[in-house]
Amino acid sequence: MIKAAMKTTVAKVRPESISFNPLVVSDATTLSHLNQAAELIRTNQVVAFPTETVYGLGGNALSDDAVKAIYAAKNRPADNPLIVHVASVEQLQRKLLPPDYSIPNCYKELLAKYWPGPLTILLPVLPGCPVSTLVTAGQPTFAVRVPSHPVARALIALSDTPIAAPSANASTRPSPTRASHVVHDLDGRIPLVIDGGSCGVGLESTVVDGLVEPPQLLRPGGVSLEQVQQYWPSVIVAKKTAGKTEAVRTPGMKYKHYSPTAKVWLTQDYDKAKQYVQDHTDLKVAVLSTQTFQEIEGAANYAMGTTPEAISHSLFALLRQMDDEGVDEVIVEAIDTSNGGLAVMNRLEKAAVGYL
Ligand code: TXA
Ligand code: MG
């Protein structure tokens, strides 16, 4: 029997109408949509919402049913744990940690600087921890962050619930940075998408583990390696990839990721890119330039921006656009991993089949 598709509603909100301390939503439509979303969270259903990094697919982090619904909608492998989103350190302490436990000192300065914001930390799962074991996928730690996007913050506050949220894409696809990307992947699979416009950062949060010595950067993201190093000079970057059967600290790293249907190639060599376009006139080839490439004749040319911040912001949207435009192959101008480029190249290397 074919299960009848669920109707997916897209609800537009105005993030600029939301203010905090105390929470005030001046636009009535925005408030009504946020209340509707909060009700879905409270009743253990799922909702897609914007964060400053990418759109998330959220559900009550304390409910097995809600978390199962997240994994099912995305088709996500069950051994890839989720990030819990909280409104504040105060809510984290009150809802998820024992009263006598204090967040390890090593995190204090990083959190003071980057929360709310695109930084995720690991904390131990302690006896009595209410986070669903499906969120942690059996790990002895859980990942948590305080997002800075007003819609995300308001949703957590209105539902008064820690929200587990992976990126709101279908598993293996580029993460969504606009509501239309979520609809493309999850239409008919989730009840509601809150549309708060496009995401500022454009790629996911940085995941760090300060519970080990030396501390580790598990996933590069919106806070750069260089920024983390200012607080943790000894931080090491965890192994990039792993075989399908290998246990890794961040299980997400072993899966195919961020891939458009078009085949993606990387290179820093302009002549090789030009030659490839010339050799493949039978294909629709696009070139995504960053810092130095000029337009290449015979290809569809797009500029991604020159700084890691600008490239991060446009990367996933452009990869998705390649599919919309029926591009067969994409050549992306690679950038150096230093000076903030690590997160961009991490995503691109996963999206790509290789270097030219
Ligand atoms: O910016 C973000 O982090 C977005 C927005 C929605 O907040 N979320 C996101 O979630 O990117 P997701 O599920 O796509 O990626 C979560 C990453 C995965 O690489 C996962 O393996 C890792 O965090 N992770 C989660 N819990 C972990 C844990 N206990 N130990 C190690 N890695 C963990
Ligand atoms: Mg993801």
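Just follow the structure's listing: the first ligand is 1, and inside any ligand the first atom is 1.
In this comparison of I83, T120, I121, L123, the heavy atom closest to atom 23 (O) of ligand 1 sits on I83.
Few gaps surround CD on E90; more than 12 heavy atoms of other groups in view lie less than 6.0 Å from it. Around NZ of K113, the count of heavy atoms belonging to other residues, nucleotides or ligands within 6.0 Å does not exceed 12.
Just one of T261, N169, D185 meets the side chain to side chain donor-acceptor pair (under 3.5 Å) condition when paired with R320; it is D185.
Using a cutoff of 4.0 Å between basic side-chain nitrogens and carboxylate oxygens, R347 and E204 are scored as salt-bridged. Using a 4.0 Å cut-off between charged side-chain N and carboxylate O, D160 and K95 make a salt bridge.
In the hydrophobic clustering, where aliphatic and aromatic side chains (Ile, Leu, Val, Met, Phe, Trp, Tyr) are joined below 4.5 Å either directly or transitively, L34 groups with V13, I18, F20, L23, V25, L31, L40, I41, V47, F49, V151, L155, I156, L158, I163, L192, I194.
Those atoms of ligand 1 with a heavy atom of A143 less than 4.0 angstrom away are 25 (C), 26 (N), 27 (C). Within the listing of ligand 1, atoms 8 (N), 9 (C), 10 (O), 12 (P), 14 (O) sit less than 4.0 angstrom from a heavy atom of S167. Within ligand 1, counting atoms from 1 as listed, the ones closer than 4.0 Å to a heavy atom of A165 are 6 (C), 8 (N), 10 (O). Atoms of ligand 1 lying under 4.0 Å from any heavy atom of T141, numbered from 1 in the order shown and given with element: 28 (C), 29 (N), 30 (N).
Protein N/O/S atoms closer than 2.8 Å to the Mg ion (ligand 2): S167 OG.
Residues R219 and S205 bring a donor and an acceptor atom of their side chains to less than 3.5 Å of each other. Side-chain contact, T53 with R145: a donor N or O sits under 3.5 Å from an acceptor N or O. Using modelled atom types, one finds a donor on one side chain and an acceptor on the other under 3.5 Å when comparing Y276 with E329.
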Using the rule given for side chain to side chain contact (heavy atoms under 4.5 Å, CB included), can you reason through Y231 versus Y114, listing the C-alpha separation, both sets of side-chain angles and the distance that settles it, and then say yes or no? CA-CA 11 Å; Y231 299 89; Y114 292 111; 4.0 Å; yes

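Using a 4.0 Å cut-off between heavy atoms, T53 contacts ligand 1 through its side chain alone, with no backbone atom that close. By the criterion of a heavy-atom distance under 4.0 Å, the side chain of N80, and not its backbone, is placed next to ligand 1. Contacts between T136 and ligand 1, counted as non-hydrogen atom pairs separated by less than 4.0 Å, are absent for every part of the residue. The side chain of R76, and not its backbone, has at least one atom closer than 4.0 Å to an atom of ligand 1 (non-hydrogen atoms only; side chain from C-beta on).
Note: no N/O pair closer than 3.5 Å links E204 and ligand 1 by distance alone. Geometrically, ligand 1 and T51 share no nitrogen or oxygen pair separated by less than 3.5 Å. Geometrically, ligand 1 and H85 share a nitrogen or oxygen pair separated by less than 3.5 Å.
I103 and V228 fall within the same hydrophobic cluster, where Ile, Leu, Val, Met, Phe, Trp and Tyr residues are linked whenever their side-chain heavy atoms come under 4.5 Å apart, directly or through other members.
Nearest heavy atom pair, residue V285 against residue H280, reads CG2-O, 4.1 Å.
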